[in-house]
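On a predicted model such as this, the values are computed, not experimentally measured, just so you know. Below, chain A is the first sequence line, B the second, and so on; all start at residue 1.
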4 protein chains.
Amino acid sequence: MTEFTERQKEIIETAIKLIDEGGIQNVTMKQIASRLGITEPAIYRHFASKADILLSMLEQFKFRSKGHLAKARSANVSNLQKVETIFLEHSGQFAERPHMTAVVFSEEAFQDDPRLAEIIFSVMNAAHEGMAEIITAAQQMREIRGDIPAEHLAITILGTLRLLVKRWRLSKFGFDLRQESQAVWQSLKTLITSPLN
Amino acid sequence: MTEFTERQKEIIETAIKLIDEGGIQNVTMKQIASRLGITEPAIYRHFASKADILLSMLEQFKFRSKGHLAKARSANVSNLQKVETIFLEHSGQFAERPHMTAVVFSEEAFQDDPRLAEIIFSVMNAAHEGMAEIITAAQQMREIRGDIPAEHLAITILGTLRLLVKRWRLSKFGFDLRQESQAVWQSLKTLITSPLN
Amino acid sequence: MTEFTERQKEIIETAIKLIDEGGIQNVTMKQIASRLGITEPAIYRHFASKADILLSMLEQFKFRSKGHLAKARSANVSNLQKVETIFLEHSGQFAERPHMTAVVFSEEAFQDDPRLAEIIFSVMNAAHEGMAEIITAAQQMREIRGDIPAEHLAITILGTLRLLVKRWRLSKFGFDLRQESQAVWQSLKTLITSPLN
Amino acid sequence: MTEFTERQKEIIETAIKLIDEGGIQNVTMKQIASRLGITEPAIYRHFASKADILLSMLEQFKFRSKGHLAKARSANVSNLQKVETIFLEHSGQFAERPHMTAVVFSEEAFQDDPRLAEIIFSVMNAAHEGMAEIITAAQQMREIRGDIPAEHLAITILGTLRLLVKRWRLSKFGFDLRQESQAVWQSLKTLITSPLN
DNA sequence: AATGAATGAGGTTTCATTCAT
DNA sequence: AATGAATGAAACCTCATTCAT
């Protein structure tokens with residue numbers, strides 16, 4: 001939605017990297033400035049405040065997440081495949097930008113600022129609701145087993161994804177996330193499709 | 001393991017509450033002191049540093065987690081029931097001490113201190129390995145379906161638990177965690193036990 | 001004296017308004033620029049420095065004050081009427097440009113810059129001396145009572161004017177300054193003309 | 001009313017001196033600290049914020065002003081003498097603490113902060129109303145001429161006092177304020193007592 | 001076991017100003 | 001005549017910690 005200037009993108013990117021390296025506490029105006037080779041006040045030409053930087057960062061993340069979800073939903077494939085797409089594209093997004101995992105799991109640190117907390121909340125909710133909806137449809141089409149509430153399956157699938165990414169991060173990106181996601185997805189698929197009854 | 005004095009327990013408890021209320025950034029010596037009605041230097045009579053407080057907090061958490069795991073494993077019940085016990089007791093532990101959920105999800109904030117990060121890592125690992133081990137045994141006893149790697153099932157079960165607790169927290173403890181855990185567990189059980197083939 | 005370009009006049013006017021709204025501390029290059037819809041560096045095309053803006057503002061004020069004083073003195077009327085003219089024209093000047101009252105009462109804020117302080121000092125002195133001179137003449141002509149030093153009467157008259165304007169300002173311009181000045185002047189006139197002895 | 005510790009008194013005193021020397025803009029935490037030979041953070045042990053320092057300063061001033069007014073009013077003397085007492089004690093207060101004049105005339109700079117502005121406003125109002133009340137009583141007792149509204153006389157007397165003090169300050173305390181106040185008061189007394197009619 | 005006073009390091013932000021364009 | 005990007009200095013304030021008592 002919002003357009004960012006080159007410098008703004010650089011600043012956001014730097015903030016993400018800093019979170020990755022040392023958590024939210026590591027994101028200081030001084031650090032951002034020194035990484036970009038400018039002084040602290042210079043940052044204020046591009047963002048009104050530090051909170052604005054984080055806000056923009058999360059909004060960008062929200063925007064992308066929404067995009068992935070919308071794309072998956074509108075695809076002309078079976079509902080089961082939509083679930084697969086969401087699962088794999090989501091993990092693919094992280095595989096591409098490993099730093100970003102730090103942001104997602106720093107959620108708790110954003111609970112401080114209501115505006116930031118709201119974004120986190122809405123992203124999680126959108127993912128959950130979107131997923132539950134597709135699963136419900138899949139169950140009606142008998143693509144996914146119907147003996148388990150869609151809500152529960154949504155939690156299970158997203159929870160699995162999250163923990164997988166978290167473990168990848170804790171291992172310091174020590175395995176191939178894409179490959180592992182594929183394997184885990186096969187297991188999830190087996191779980192949720194049999195028995196079809 | 002380690003014994004704590006009354007004051008130390010109070011301090012740790014206060015730190016947990018502060019994390020709950022405003023994240024790690026909310027945990028300052030000033031806040032802790034004012035909550036306990038003492039001055040900041042007084043805290044140093046009980047802990048050598050702030051890091052030590054957090055360390056003790058996490059060690060306590062680790063100690064309890066280990067206890068639950070060990071208890072579940074040594075119980076004289078089926079392996080499937082052991083998994084159930086771990087799942088339900090874990091969520092029960094959170095239901096009893098809602099503040100604690102904040103600590104678990106603040107993991108990321110501990111990553112900059114190697115000692116703290118290590119504890120987080122080992123708790124998560126122990127849970128994962130313990131779970132995988134029990135699942136493997138269950139699969140051999142044909143209590144849990146064998147067509148899916150135990151590793152994946154462990155991630156799915158623990159991931160589901162984590163996300164459920166996270167959602168409980170985000171909802172500001174707006175639903176009955178114990179009840180919901182029971183329901184979700186029934187779904188998980190259905191998923192992992194059928195088809196037995 | 002000095003001629004100002006249109007932009008310069010706008011800048012000075014804006015500075016006055018800003019002082020009115022939030023005191024001297026509110027006068028920043030950023031504020032001035034944003035009010036005029038230009039950028040900060042643009043201001044430097046019109047004034048060499050911020051101090052120069054304030055200096056021009058005060059010089060303009062000094063110029064006008066001098067004008068009023070000179071006009072009153074050269075008028076072909078009684079000395080008492082000259083005093084009246086100064087009193088009423090001065091308050092009329094404020095009634096017309098209420099913002100300006102803020103500048104007069106921010107005098108103190110100008111004391112750290114010697115150039116600014118000098119202007120304030122000379123304006124006040126000119127008013128005082130001019131007033132005292134006219135009063136002395138009036139006393140010689142027996143238009144104003146002679147039992148009180150002209151110096152003291154000057155302080156009383158100017159002090160009354162100042163406090164009246166100050167009260168008008170504190171009341172947020174809540175009464176009609178012109179009308180009130182007329183009334184107060186009648187009282188002052190009564191005070192200084194009787195007994196003539 | 002409020003009791004201050006020794007350090008708090010020192011800090012307030014330092015702030016007053018700093019205002020005296022370079023206006024409100026000169027009052028910085030760094031300046032205060034360096035004058036007291038301590039570091040900036042140390043100040044925060046004694047006052048929660050810079051605004052609190054100024055607030056305390058003004059409250060102290062308000063407290064003293066109220067005291068002088070109350071004392072004058074309750075004295076067992078004629079109303080005219082009460083007016084005299086207020087006039088002379090007020091100027092005496094300044095003569096004793098010349099720095100304080102800077103604070104009074106920096107009023108405008110306090111308009112920024114509503115809490116500070118409120119104090120200034122209430123001090124001025126109390127002085128005005130107290131004065132007007134006493135003058136009214138004096139007029140009823142025929143101690144002060146009755147042909148002029150008490151309100152106007154109050155403005156004239158207080159305005160004279162203010163301008164006198166202001167001139168003393170602008171002259172860099174170049175004359176004896178007490179002596180001059182005495183002289184000016186004699187003039188004022190002559191003005192407001194004759195003719196008694 | 002606790003306090004009062006203080007500190008060094010560092011946080012975010014604002015300010016007047018400069019410079020290349 | 002004006003802008004976009006930047007800067008050095010300085011503002012207020014917070015943090016974990018220390019030390020004498």
| query | Would you say D:His46 reaches E:dA6's phosphate, i.e. side-chain N/O to OP1/OP2 under 4.0 Å? | reply | yes

| task | Whole angstrom is fine here: how far is it from CD1 in D:Ile32 over to C1' in F:dA10? | result | 15 Å

| remark: On DNA chain E, more 5' by nearest nucleotide between D:Thr5 and B:Arg7 is B:Arg7

Taking only distance into account, with no hydrogens and no angle test, what donor-acceptor pairs under 3.5 Å do side-chain atoms of residues 35-44 of chain A form with protein atoms, sequence neighbours excluded?
residue, atom, partner, partner atom, Å
A:Arg35, NH1, A:Glu21, OE2, 3.1
A:Arg35, NH2, A:Glu21, OE1, 2.8

| Quick one: what's the B/S/- string for nucleotides 16-21 of chain E, heavy-atom cutoff under 4.0 Å, read 5' to 3'? | SBBB--

| note | Rounded to whole Å, CD1 of C:Ile24 lies from C1' of E:dC15 at a distance of 14 Å

| task | List for me each residue that meets side chain to side chain donor-acceptor pair (under 3.5 Å) alongside C:Gln25, sequence neighbours excluded, and say none if there are none. | result | none

| request: Using the test side chain to side chain donor-acceptor pair (under 3.5 Å), find all partners of A:Arg7 that sit at least two apart in sequence or belong to another chain. | output: A:Glu10

| Does D:Phe173 have any ring-ring contact (aromatic ring centres under 6.0 Å, His included) partners at least two apart in sequence or in another chain, and if so, which? | D:Trp168

| field | Any residue meeting side-chain contact (heavy atoms from CB on, under 4.5 Å) with C:Ala117, in chain and number order, not counting sequence neighbours | value | C:Gln111

| said: Rounded to whole Å, please give me the gap between CD in A:Gln25 and P in E:dG10. | reply: 15 Å

| query | Taking atom C1' of F:dC13 as reference, at what distance in whole Å does atom CG of D:Leu54 sit? | reply | 15 Å

| field | Test: D:Arg169 and D:Asp20 ion pair at under 4.0 Å | value | yes

| When the distance from CD1 of B:Ile53 to P of F:dC15 is rounded to whole Å, what number comes out? | 14 Å

| field | side-chain contact (heavy atoms from CB on, under 4.5 Å) against B:Glu107, all qualifying residues, sequence neighbours excluded | value | A:Lys166, B:Val104, B:Ile120, B:Met124, B:Arg162

| task | Go through the structure and list residues passing side-chain contact (heavy atoms from CB on, under 4.5 Å) with D:Ala48, not counting sequence neighbours. | result | D:Asp52

| If a stem is a run of at least 3 consecutive Watson-Crick or G-U pairs, both distances under 3.5 Å, which stems include DNA chain E? | E:2-21 with F:2-21

| For A:Glu13, what residues pass the side-chain contact (heavy atoms from CB on, under 4.5 Å) criterion, not counting sequence neighbours? | A:Ile16, A:Arg97

| remark: Closest non-hydrogen contact found for B:Val27 with B:Ala15 is CG2-O, 3.9 Å

| field | For B:Ser122, all residues meeting side chain to side chain donor-acceptor pair (under 3.5 Å), sequence neighbours excluded | value | B:Lys62

| In terms of side-chain heavy atoms of C:Thr39, which of E:dA2, E:dA6, F:dA2 is nearest? | F:dA2

| said: Rounded to whole Å, how long is the line connecting atom CZ of D:Phe47 with atom P of E:dA5? | reply: 12 Å

| Contact nearer the 5' end of DNA chain E, comparing B:Ile43 with D:Gly37 | B:Ile43

| query | When you measure from every atom of DNA chain F, which of residues 8-21 of chain C have a heavy atom less than 4.0 Å away? | reply | none

